[in-house]
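Beneath this line is the structure, given in structure tokens, with notes to follow.
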Amino acid sequence: MNKPRILIIYTGGTIGMIEDPVTHALRPFDFTHLIDNVPKIKMLDYVIDNCQFDPPIDSSDMNLEHWKQIAGHIDSNYHDYDGFVVLHGTDTMAYTASALSFMLENLSKPVIITGSQLPIGEVRTDGEENLITALQIAAARSASGDPMVQEVAILFENYLWRGNRSTKMSADNFNAFKSNNYPSLAKIGLGIHYNEDALHRADDPLPLRTHLDLDPSVMFLDLFPGMTESTLRHLLATPDIKGIVLRTYGAGNAPTEKWFNDAIREALDRGMVILNVTQCVNGGVHPNRYVSGDLLAATGVISGKDITCEAAITKMMHLFGQKFSTGHVKEALGSSMCGEMTDNITLR
Ligand code: ASP
């Protein structure tokens, strides 16, 4: 068998950061520094190439142009490599993972995103283990010789998660990510144990279709008790916004007051697309469970089911970026495109 060929795309993040000698704050540093701190990488019998953001960034600076760069690198190198490892800051990693899952249609090779909580140069760093494990997963093959992972996934400490189901759960713990509504794709302990039932399988792979166009005309609108009508109307009238991810309570509930539903209905009548996503980290929207959710559904707000906020907002960016009609965007938001939501969500 030929050696696995892996491309590392280094975007920045804590994993490659060094301490500023004056302020002691961490700032991104180059790939050579990172890789020099992982001599063990030579023990992997792989062909490993790399490309990097210039300059590498803190992922709080991640934007749509950066996502286009990452997807573009994968697209132009797709046939030359068996897998891709994206090194990325943890802060917006779940957004990038979600965006890439929509941008890379028909993906049938591994795109493994990882980073770390402690910089690679620190004695107790989690970066070395995360990088080595990500490379092993990107190179892994099933018994039939196909890539073990055929989707965008986040590898962090003990778990591999579906990218568009993941959320950053902790600013401190090494196990920083979780997918609250979908099982882990693999558990990492002494060995790497894949959950084959949860892994996406491209049984009859179609050619990769990369969609680089994204539309940023979207926003979150978070409900909170005490929100006034003028605040709500002001937010719904934000200029240049086509789509709103409405972060509601519990099973997708919102105030039942007339002013609230009138304001939402008027925004929908103006052509706004509104997706209902729960503020809860676990479970999803069940629009007909309470009157308060029922009313919202009756106005024409779409149920986001158990989608994460990260997947919801990036899915909207992707759909509007394709210049689809409002009707088509609404329809696509209501069902799963690449495993980001459970279509037949039932009460658990
Ligand atoms: N601020 C850093 C980043 O997201 C945090 C990290 O990498 O853990 O780039």
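Numbering of ligands and ligand atoms starts at 1, following listing order. Predicted model, so just to flag it, every value in this text is computed and none were measured.
Closest to atom 9 (O) of ligand 1 among all protein heavy atoms lies Ser59 N, 2.7 Å.
Distance alone, capped at 3.5 Å, is enough to place a donor-acceptor pair between the Asn130 side chain and the Gly115 backbone.
Atom numbering of ligand 1 starts at 1 in the shown order; those under 4.0 Å from a heavy atom of Gly13 are 7 (O), 9 (O). Of all atoms in ligand 1, numbered sequentially from 1 with element shown, those under 4.0 Å from a heavy atom of Thr14 are 2 (C), 5 (C), 6 (C), 7 (O), 8 (O).
Of the polar atoms of Asp91, at least one N or O is found under 3.5 Å from an N or O of ligand 1, judged by distance alone. Inclusion of Ser60 in the set of residues having an N or O under 3.5 Å from an N or O of ligand 1 is not warranted. Distances between N or O atoms of Asp58 and those of ligand 1 include at least one value under 3.5 Å. By the 3.5 Å distance cut-off applied to N or O atoms, Thr90 is counted among the residues near ligand 1.
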(Q) Show, in sequence, the C-alpha distance, side-chain angles and deciding distance for His66 and Asn63, and conclude whether the side-chain hydrogen bond (donor to acceptor under 3.5 Å, both in side chains) test is met. (A) CA-CA 5 Å; His66 295 124; Asn63 62 35; 3.1 Å; yes
(Q) I'd like to know whether Thr299 forms a side-chain hydrogen bond (donor to acceptor under 3.5 Å, both in side chains) with Asn261, so could you lay out the CA-CA distance, the side-chain angles of the two residues, the decisive distance to 0.1 Å, and finally the verdict. (A) CA-CA 7 Å; Thr299 58; Asn261 280 288; 4.9 Å; no
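Between the side chains of Asp49 and Tyr81, at least one donor N or O sits under 3.5 Å from an acceptor N or O.
Salt bridge annotation for Asp215-Lys323: absent, with no cationic side-chain nitrogen under 4.0 angstrom from a carboxylate oxygen.
In this structure, Ser116 is part of the shell of residues with a heavy atom less than 4.0 angstrom from ligand 1.
Put simply, CG on Asp75 and CZ on Arg209 are 11.5 Å apart, with the number rounded to the nearest 0.5 Å.
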